[in-house]
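Notes follow once the structure below has been shown.
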Protein chains: 2
Amino acid sequence: MARLNYSPRSSARALASSRSNVLGLVVPLRPDVNVGVVMQFVTAVVTTARTFNQDVLLLTQDDPGSIERVTSQSMVDGLLMMDIEARDPRIPVLARLQKPAVLIGMPDEPRGLSCVDFDFSGASRLAVRHLWDLGHRSIAFIGSPPASLKRHATYADRALQGFTDAAASLGAASRSVACEADSPQLAKSLDAVFSGKNPATALVVHNEALLPMLREELSLRGLAIPGDISVVVIAPADVAKAAARPWTAVSIPAMDIGRSAVEMVMDRLSRDKPAELRLIAPSLTLGETTAEAP
Amino acid sequence: MARLNYSPRSSARALASSRSNVLGLVVPLRPDVNVGVVMQFVTAVVTTARTFNQDVLLLTQDDPGSIERVTSQSMVDGLLMMDIEARDPRIPVLARLQKPAVLIGMPDEPRGLSCVDFDFSGASRLAVRHLWDLGHRSIAFIGSPPASLKRHATYADRALQGFTDAAASLGAASRSVACEADSPQLAKSLDAVFSGKNPATALVVHNEALLPMLREELSLRGLAIPGDISVVVIAPADVAKAAARPWTAVSIPAMDIGRSAVEMVMDRLSRDKPAELRLIAPSLTLGETTAEAP
DNA sequence: CTGTTAGCGCCTTCAC
DNA sequence: GTGAAGGCGCTAACAG
C-alpha cells in the first residue's frame with residue numbers, strides 16, 4: 001500500500017460499511033454570540049474528532065432542514081449541535097432522526113438526546129461564594145447580551161440563574177444586567193449596578209466581549225481593581241489570562257466540553273450506549289482582580 | 001420519491017459519480033488572527049457552497065497532511081484555504097495535488113492556484129488618500145499583531161505596504177505600529193504615534209480587536225474624534241457600523257470574498273476554467289470619525 | 001428518448 | 001487462518 005501510494009476511497013468505504021466517518025457540527029451564527037468562544041468549541045470538536053478518525057462537516061444554517069438533509073443522505077454518522085436554547089425547535093427534529101446526537105447545552109427537555117455542557121449555574125455560584133468569602137455583601141452580575149437571554153440560550157439563562165440563587169441563599173444584595181458588547185452599554189450597566197444606596201463592591205462578569213473595556217470603564221469612575229471593586233469573570237481560561245493583569249476566573253473549559261461531546265457521540269455509535277447528560281464542573285482560578293471587600 | 005420519503009445515499013452517489021459534493025475548507029486557528037473576521041469568511045463560504053449544492057468539511061489543522069488525506073481519499077471535490085502566508089508551506093503541497101483549489105489570500109507565488117482576496121493594499125491607499133484630502137499631513141497606521149506580520153500573513157503585510165506606499169507617494173509623514181489586542185499595548189502604540197515633533201493627526205487602523213478600546217484610549221489622552229484626530233478603520237462593515245458612532249471605514253467584504261472563492265472552485269470543477277487571480281476592490285464608507293485636519 | 005445494466009471500490013460474509 | 005465473491009446504492013453508458 002505504501003509503495004503504490006494507495007489510499008482507500010472514502011465513498012466506497014462508506015457505501016460498503018455504511019459509515020461515513022464524518023460528524024456533522026451544527027453551529028448557528030447568531031449575532032449575539034461570542035465568536036471567540038464558539039471557535040474554541042469548534043476547534044475542540046474538530047481536534048477530538050480526528051483522534052477518532054472522524055472528520056467534521058460544518059452546518060451553519062439553523063434551518064432544521066439541513067439536519068434532516070445530511071442525515072437522510074447518510075452523510076454523517078452523528079450530529080453535534082451547539083448554541084442550544086431552552087426549548088430549541090431543532091430538538092424534536094433531531095430526536096426523531098434516530099441518529100446519534102449530542103447537544104452542547106442543556107435544554108429544558110433533552111427528549112432522549114445526550115447533552116453536555118459546562119455547569120454555568122455552578123460557575124456563577126462558585127464566583128459568588130468566592131466573593132462572599134472575601135466579605136462582599138453587594139454583588140452584581142453583568143451577563144450576556146439581551147438577545148441571548150431573550151432567546152433563552154441555555155448558557156446565558158443558567159449563569160444568571162445560578163447567580164441569583166447563590167446571592168439569595170447567602171443573603172447577599174444582588175442585581176443583574178444584560179449587556180451588549182460596546183462601551184456605551186457597559187457604561188450604562190455600570191451606572192446601574194453602582195447606583196442606589198447599596199452599590200456593588202464586586203462584579204461577576206459573564207460576557208467575554210466586555211473584558212477589554214471593563215478595566216478602563218471602572219478606572220474612569222475612579223474605581224481600582226481590586227482595591228475598590230473585585231471582579232470574577234466567567235470566560236475561557238486563555239481570555240482570562242491574556243489580560244495585562246489576569247482576571248480571577250471561573251474558566252469555561254471549551255476543550256473539555258468539545259472533547260466530551262465527541263466522545264459521547266462516538267460511544268453511542270460504537271457501543272450504542274444510552275443517552276447521558278454530563279455537566280462539567282467549574283473551578284475557580286485566582287487572578288489579581290479579587291480582594292477583601294473595602 | 002416523495003411518497004416513500006426517499007433520499008439518495010451520498011456515498012453511493014459519490015462512488016458512482018466520483019463527486020462528493022463536499023468542499024474542504026482549511027482554517028488554521030492561529031492565536032493572532034481575529035476570529036470574528038475569520039468566522040465571517042467561513043459563514044460566507046458555507047452559505048455560498050450550499051447554493052451550489054455543496055457541503056463544507058472543516059479542516060483546522062494546518063498540517064499539510066490533512067490536506068493530502070482528504071484529497072487522496074477523495075473526500076472533497078475541491079479545497080479552499082484561508083489565512084495564507086507570503087510563502088505558505090501548504091502551497092506547494094496543494095499545487096501538487098491536482099485538485100481544484102482556491103487560496104483566500106495572495107501569496108508571493110500562487111503556483112498555478114487560484115487566489116482571491118480583498119485588495120488590502122488598495123484599502124490602505126484609499127484610507128490615506130481620504131485623510132490626505134481632508135488636509136492631514138501626518139498619518140499613522142495601527143496594524144495587525146506582531147505575530148501576524150512576523151509570519152507574513154498576506155493581509156497584514158499588504159495593508160501595511162499599501163499604507164507606506166501611499167503616504168510616501170503623497171509626501172505625508174507616516175509611521176506604523178504593529179499592535180497586540182489589549183489596551184496596554186494600544187496605549188503604548190498611541191504613545192509612539194503621538195510622540196515626537198510631528199504627531200499624527202489621523203489614524204488608519206487595521207485591527208478589529210482594538211476598536212472597542214480605541215475611543216476610550218484617545219479620550220484618556222484628551223483627544224476627541226474627529227475634532228483632534230481622524231480615524232479610518234479597515235474592518236468588516238458590521239463591525240464598523242456597530243459602534244456607538246460609526247467609524248469611517250474601508251470595509252472588508254467577507255461575504256463577497258467567500259462567495260468568489262466558492263464560485264472559483266466550482267468554475268474549475270465544472271467548466272475546468274484555468275486558475276485566476278481576483279482582487280476585490282475597496283470602497284470607503286463615510287462615518288463620523290473623520291474630519292478636516294485641525 | 002426511455003429502459004436496462006455494468007461497474008464505481010470497498011467491506012463482509014462465507015467457503016475453504 | 002486465508003481467499004474468493006456478492007452486494008452496498010447509485011450513475012452513466014449503451015442498447016432498444
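Lettering follows sequence order; numbering is per chain, from 1.
- The closest side-chain donor-acceptor pair between S121(B) and R158(B), if any, does not fall under 3.5 angstrom.
- Looking at the side chain of A16(A), the nearest of the listed nucleotides dG7(C), dG7(D), dA12(D) is dG7(D).
- Between the P atom of dT11(D) and the CG atom of N21(B) lies a distance of 10 Å, rounded to the nearest Å.
- Per the geometry, CZ belonging to R19(B) stands 15 Å off C1' belonging to dC10(D), to the nearest Å.
- A distance of 9.0 Å separates NE2 of H152(B) from CG of D108(B), quoted to the nearest 0.5 Å.
- In this model, no donor atom of one side chain and acceptor atom of the other lie less than 3.5 Å apart for N207(B) and S144(B).
- One interatomic measurement links the two molecules: CZ of R9(B) to P of dG9(D), which rounds to 5 Å at whole-angstrom precision.
- For R13(B), counting side-chain heavy atoms from C-beta on, the closest listed nucleotide (dT12(C), dC8(D), dC10(D)) is dC10(D).
- Rounded to whole Å, atom P of dT12(C) lies 12 Å from atom CG of L15(A).
- In this structure, the nucleotide among dC11(C), dC10(D), dT11(D) sitting nearest to the side chain of S17(B) is dT11(D).
- Taking the six-membered ring where tryptophan is involved, the planes of Y155(A) and H206(A) are perpendicular, since the angle between them exceeds 60° and thus also 30°.
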